[in-house]
Amino acid sequence: MAELTTTKLNAESHLLLPLLRMPYELSRRNFKNAQRVIEHSSANLSTSLTAATKAASKLAPPGPTLESLDSMISKMQGLKRKLEGLHEEEMRIHKSAKARLRHLQDLYEVKSLVDVKYDEWSRTRLSRLLVDYLLREGYSESAAHLAQSKGITDLVDVDAFVACHKIERSLREGMSTSLALEWCKEHGKELKKGGSMLEFELRLQQYIELVRQGHEAGMGGMDGIETDGMNGVSIGGGGGEAKLVEARAHAKKYLSTSGDFELLGRAAGLLAYRPWDEVEPYASLYSPSRWAHLATLFLSTHHNLYSLPPRPLLHIALSAGLSALKTPACHSAYTSSSANASSSTTTVCPICSTELIELARNVPYAHHTKSIVENDPVVLPNGRIYGSDRLKVFNKKVGTEAGWIRDPVGGIHGDAWREAEVRKVYIM
């Protein structure tokens, strides 16, 4: 009976990491796209139909009317193709959502931790966490192959992360803000509702690049440029003054409504200070490090929108497991560990292992409701409690001087006290 109690599975206590928010957001975005396409096509068709009706009522030659009808048929066929593509995307999202619901339902159907079905479910979860880690680290092809080989393609978001990393890379490499701005346009309502500054920061970067090019062109080094490979803004020909005029128009259109007058003042100062003047705070705005800031801001905004944690799911799961094992003895300078050269013993403690010691360093200690005390316990002057037999065996092993007791945590270099200073402990 005790075994059944200890091995009973409680699904609610499991770390059920985000699974369903991404399909929901993708489905909602797909629906908005379909709605936008239908509204746009309907408006065009209504205008064309009105024009064709007026032309037919004037008893004019049928040629223009037939051409108008052919144009409307062509537009309807184009609308049908677009809606078919959106429908296929919707079916794919629904398939993914059903697979994820089934994955969670499988956990609730498992009654015991020793059930073979729980092992299968745990292996699937581990594969999902590994795929998520690979995607976040940029190994998209490896993640896709792993997901396909494990049959969990519907449980992971390979395509979404690939699109995310494409935008991040374009920002981090200082190539373009156009992809990020297009993403902001698709999620405009959600970003505005959440008070996101991403679009403003991207528009500010466009302004900075226009001003930069205006100053550089004014020095005679960039006249005649026609396209901007840095920020996706059309440049056109002309000298530095034309670029500065374009920058002012850009700021008036996109930046003046932000309400951040301090930042707007700094942005306006860029017109007077050139990139090579190295005067703060304008030099920071000209700095290439702003591109890395934009990439980081985009990632955090993307993950917040889809309710994705900022860290890999694998790290979160490991941190939860490590917290359940961590004790105050872990991370000690003299703790017994395979990774500690000064230790006189070895251990398989995962907290102190070379691979996980840094990840476990900041997790909280485990909360234990039951304690296990060795036979005939004694307490050292430093407050640590050990079984007297264990203490004697250790001190004999390390060669402690007769009449003295050394703390096992410190190993052969630990503190030592006289046996008279060691007191017995009585459990109440």
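Values below: every heavy atom of this structure, side chains too, minus hydrogens, waters and symmetry copies.
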Tell me, with the steps shown, if Leu305 and Trp183 meet side-chain contact (heavy atoms from CB on, under 4.5 Å). CA-CA 12 Å; Leu305 183 63; Trp183 184 86; 3.8 Å; yes
Is it true that atom CD of Gln148 has more than 12 heavy atoms of other residues, nucleotides or ligands lying nearer than 6.0 Å?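 No, not enclosed.
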More than 12 heavy atoms of other residues, nucleotides or ligands under 6.0 Å from CD of Glu141: yes or no? no
Between the side chains of [X] and [Y], is a donor N or O closer than 3.5 angstrom to an acceptor N or O?
X: Glu209; Y: Gln205; answer: yes
X: Tyr306; Y: His187; answer: yes
X: Thr124; Y: Glu120; answer: no

Is the closest side-chain heavy-atom distance between [X] and [Y] below 4.5 Å?
X: Lys189; Y: Lys193; result: no
X: Leu297; Y: Ser300; result: yes
X: Leu146; Y: Tyr139; result: no
X: Leu19; Y: Arg128; result: yes
X: Arg29; Y: Asn33; result: yes
X: His315; Y: Pro312; result: yes
X: Val131; Y: Phe161; result: no
X: Tyr118; Y: Leu107; result: yes

Report the residues that fulfil ring pair (Phe, Tyr, Trp, His ring centres under 6.0 Å) with Phe31, sequence neighbours left out, ordered by chain and then residue number. none
Under the ring pair (Phe, Tyr, Trp, His ring centres under 6.0 Å) test, which residues partner His103, sequence neighbours left out?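 Counting only residues at least two positions away or on another chain, His103 forms a ring pair (Phe, Tyr, Trp, His ring centres under 6.0 Å) with Trp121.
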Identify, with sequence neighbours excluded, every residue that meets side chain to side chain contact (heavy atoms under 4.5 Å, CB included) alongside [X].
X: Asn30; answer: Leu86, Glu89, Glu90, Ile93
X: Lys75; answer: Asn44, Leu45, Ser48, Ser71
X: Ala295; answer: Glu168, Leu171, Arg172
X: Lys82; answer: Val37

According to the salt bridge (Lys or Arg N to Asp or Glu O under 4.0 Å) rule, which pairs have a member within residues 281-310, sequence neighbours left out? Glu201-Arg290
Would you list the pairs meeting salt bridge (Lys or Arg N to Asp or Glu O under 4.0 Å) in which at least one residue belongs to residues 291-312, sequence neighbours left out? none
Which atoms form the tightest heavy-atom contact between [X] and [Y], and what is the distance?
X: Leu204; Y: Leu255; result: N-CD2, 3.8 Å
X: Cys184; Y: Leu191; result: CA-CD1, 3.8 Å
X: Ser140; Y: Leu135; result: CA-CD2, 4.2 Å
X: His302; Y: Ala160; result: NE2-O, 4.4 Å
X: Ser196; Y: Thr301; result: OG-CG2, 3.7 Å
X: Leu244; Y: Gly214; result: CD2-CA, 4.2 Å

Apply side-chain contact (heavy atoms from CB on, under 4.5 Å) to Ile167 and Phe298, showing your working. CA-CA 8 Å; Ile167 299 174; Phe298 167 74; 3.6 Å; yes
Determine, for Glu109 against Lys117, whether the closest basic-nitrogen to carboxylate-oxygen distance falls under 4.0 angstrom.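 Salt bridge flag = no for Lys117 with Glu109.
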Determine, step by step, whether Leu126 and Leu130 satisfy the side-chain contact (heavy atoms from CB on, under 4.5 Å) criterion, reporting the C-alpha distance in whole Å, the side-chain angles of both residues, the deciding distance to 0.1 Å, and the verdict. CA-CA 6 Å; Leu126 177 59; Leu130 290 174; 4.2 Å; yes
Could you list the residues that satisfy salt bridge (charged side-chain N to carboxylate O under 4.0 Å, His left out) with [X], not counting sequence neighbours?
X: Arg102; value: none
X: Arg100; value: Asp157
X: Arg136; value: Asp132
X: Arg21; value: Glu25

Determine yes or no for a side-chain-to-main-chain donor-acceptor pair under 3.5 angstrom, with [X] supplying the side chain and [Y] the backbone.
X: Ser42; Y: Ile38; answer: yes
X: Ser323; Y: Ser319; answer: no
X: Ser96; Y: Asp154; answer: yes

Applying side-chain contact (heavy atoms from CB on, under 4.5 Å), run through Trp417 and Asn382 and close with a yes or a no. CA-CA 10 Å; Trp417 299 272; Asn382 62 3; 3.4 Å; yes
Would you call the rings of His250 and Tyr207 parallel, tilted or perpendicular, taking 30° and 60° as the class edges? parallel
With a 6.0 Å cut-off on the ring centroids, do Tyr286 and Trp276 count as close? no
